[in-house]
There are 2 protein chains.
Amino acid sequence: MLNQTAALDLMFQALADPSRRSMVERLSRGPASVSELAKPLTMSLPAVVQHLQVLENSGLIRTEKIGRVRTCHIDWVAMKTAEQWMDERRKSWELRLDRLGDFLASEDNH
Amino acid sequence: MLNQTAALDLMFQALADPSRRSMVERLSRGPASVSELAKPLTMSLPAVVQHLQVLENSGLIRTEKIGRVRTCHIDWVAMKTAEQWMDERRKSWELRLDRLGDFLASEDNH
DNA sequence: AGTTTGGTTAAGCATATGCTTAAGTAAATC
DNA sequence: GATTTACTTAAGCATATGCTTAACCAAACT
C-alpha cells in the first residue's frame, strides 16, 4: 500500500487532465466499457487506455475484464481521500477565521 | 479569464505535487513569506519559487510583494472550484444510488 | 474457418516538469 | 557606503507525460 502523500500525488495528477476528468464524469453516472469511454474523445484507443491506466493506478477507478470487454467504475473510497484533503485545509482555515473573530471581538472590549 | 476546464487542469496539477501541497497546508494556517515556505523543504530557493509560480498560476494562491518580502496566501474562492468539481461527481453518484434504490424498492412490490 | 470487434503491447517522439547552479537586483541593516 | 537578506532571472538537464502508428491477441459473430 502507498502512503497517503503518494496516493494524493497520483489522484490529483490523474484529475489534472481534461480527458481523464471527462472519463470520471462519465463513470460517475455508472460503469462503462473502454470503447464507451473512448467514443466522445478525439484520440486513438491506445491513448484512452493509457489514460485509464493512470486513473486505475491512482486508485480512482477499478476495472474488470469479462470476455473481451473491460468494464470500468469509480472507486468512491479513493475519491473521498482527495476530497478529504481539501476539506481538512478548509477546516484549518475556518478555525483560523474563528480565532481571528474571537480576537477582534475581544479587542472590541477595550 | 480561463474557462472552467483549463482552470481545473491547473488547480489539480498544482495539487499533484507533495511540496506544493505542503505549501498549501502551511498557507491554510495563515499567510507566509517565500523563505518561510521554503524552510521545511529540502530544495533550492529557485525551485520553491517555481512551485509558487505554479500555485499562483493555478489561481490557488495569491502573492503580494512589500519591500523585499513576498507574502503568499490561499485564494479560497479558487480552492472551492476544485472542491466543487468533486462534489458534483459525488452528487451524480448519489442520485444514481437513489434511482437504483427506487428501482429495487419497486421490484419488491412484484 | 474467416471476419469483425474490443482491447493490448511496443516503440518512438515532442513537449512539459522539476530540479540544479550561477549570476543578478533591490530593500534593509550595520 | 558596504554587507546581508530576500528574493529573481536565466540556462541547462534528466525524467515524465501525452500522444502517435504498427502489430498483435482473443472473444464473438457469420
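Just the heavy atoms: all of them, side chains too, but no hydrogens, waters or symmetry mates, feed the values below.
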salt_bridge(B:Glu56, B:Arg62) N-O dist < 4.0 Å: no
Would [X] and [Y] count as having a side-chain donor-acceptor pair, cut-off 3.5 Å?
X: A:Trp76; Y: B:Glu94; answer: no
X: A:Thr71; Y: A:Glu64; answer: no
X: A:Arg29; Y: B:Ser92; answer: no
X: A:Trp93; Y: A:Glu88; answer: no

Whole Å only: how far is the [atom1] atom of [X] from the [atom2] atom of [N]?
X: B:Leu41; N: C:dT20; atom1: CG; atom2: C1'; result: 16 Å
X: B:Leu55; N: C:dT17; atom1: CG; atom2: C1'; result: 14 Å
X: A:Leu45; N: C:dA10; atom1: CG; atom2: P; result: 16 Å
X: A:Gln53; N: D:dT17; atom1: CD; atom2: C1'; result: 13 Å
X: B:Arg70; N: C:dA27; atom1: CZ; atom2: P; result: 13 Å
X: B:Glu56; N: D:dT8; atom1: CD; atom2: P; result: 10 Å
X: B:Leu52; N: D:dA6; atom1: CG; atom2: C1'; result: 13 Å
X: B:Leu10; N: C:dT17; atom1: CG; atom2: P; result: 9 Å

Side chain of [X] (C-beta onward), nearest among [options]:
X: B:Asp17; options: C:dG18, C:dT21, D:dT17; result: C:dG18
X: B:Pro46; options: C:dA10, C:dC19, D:dT9; result: D:dT9
X: A:His51; options: C:dG6, D:dG18, C:dT20; result: D:dG18
X: A:Met43; options: D:dC19, D:dT8, C:dT20; result: D:dC19

Under 3.5 Å: donor-acceptor pair, side chain of B:Glu36, backbone of B:Ser33: yes
Side-chain N,O (A:Arg68) to OP1/OP2 (C:dT4) below 4.0 Å: no
Contact under 4.0 Å: B:Lys65 side-chain N or O vs D:dT8 OP1/OP2: yes
Closest-nucleotide ordering on DNA chain D, the 5'-leading residue of A:Gly67 and A:Thr42: A:Thr42
Which residue lies more 5' along DNA chain D, comparing A:Ser44 with B:Val49 via nearest heavy atoms: B:Val49
Can you give the donor-acceptor pairs under 3.5 Å from side chains of residues 7-15 of chain A to other protein atoms, not counting sequence neighbours?
{"residue": "A:Asp9", "atom": "OD1", "partner": "B:Arg21", "partner atom": "NH1", "Å": "3.0"}
{"residue": "A:Asp9", "atom": "OD1", "partner": "B:Arg21", "partner atom": "NH2", "Å": "2.8"}

Base of D:dT20 paired with side chain of A:Gln50 (donor-acceptor, under 3.5 Å): yes
Sub-4.0 Å heavy-atom contacts from residues 25-38 of chain B onto DNA chain C, ordered by number: none
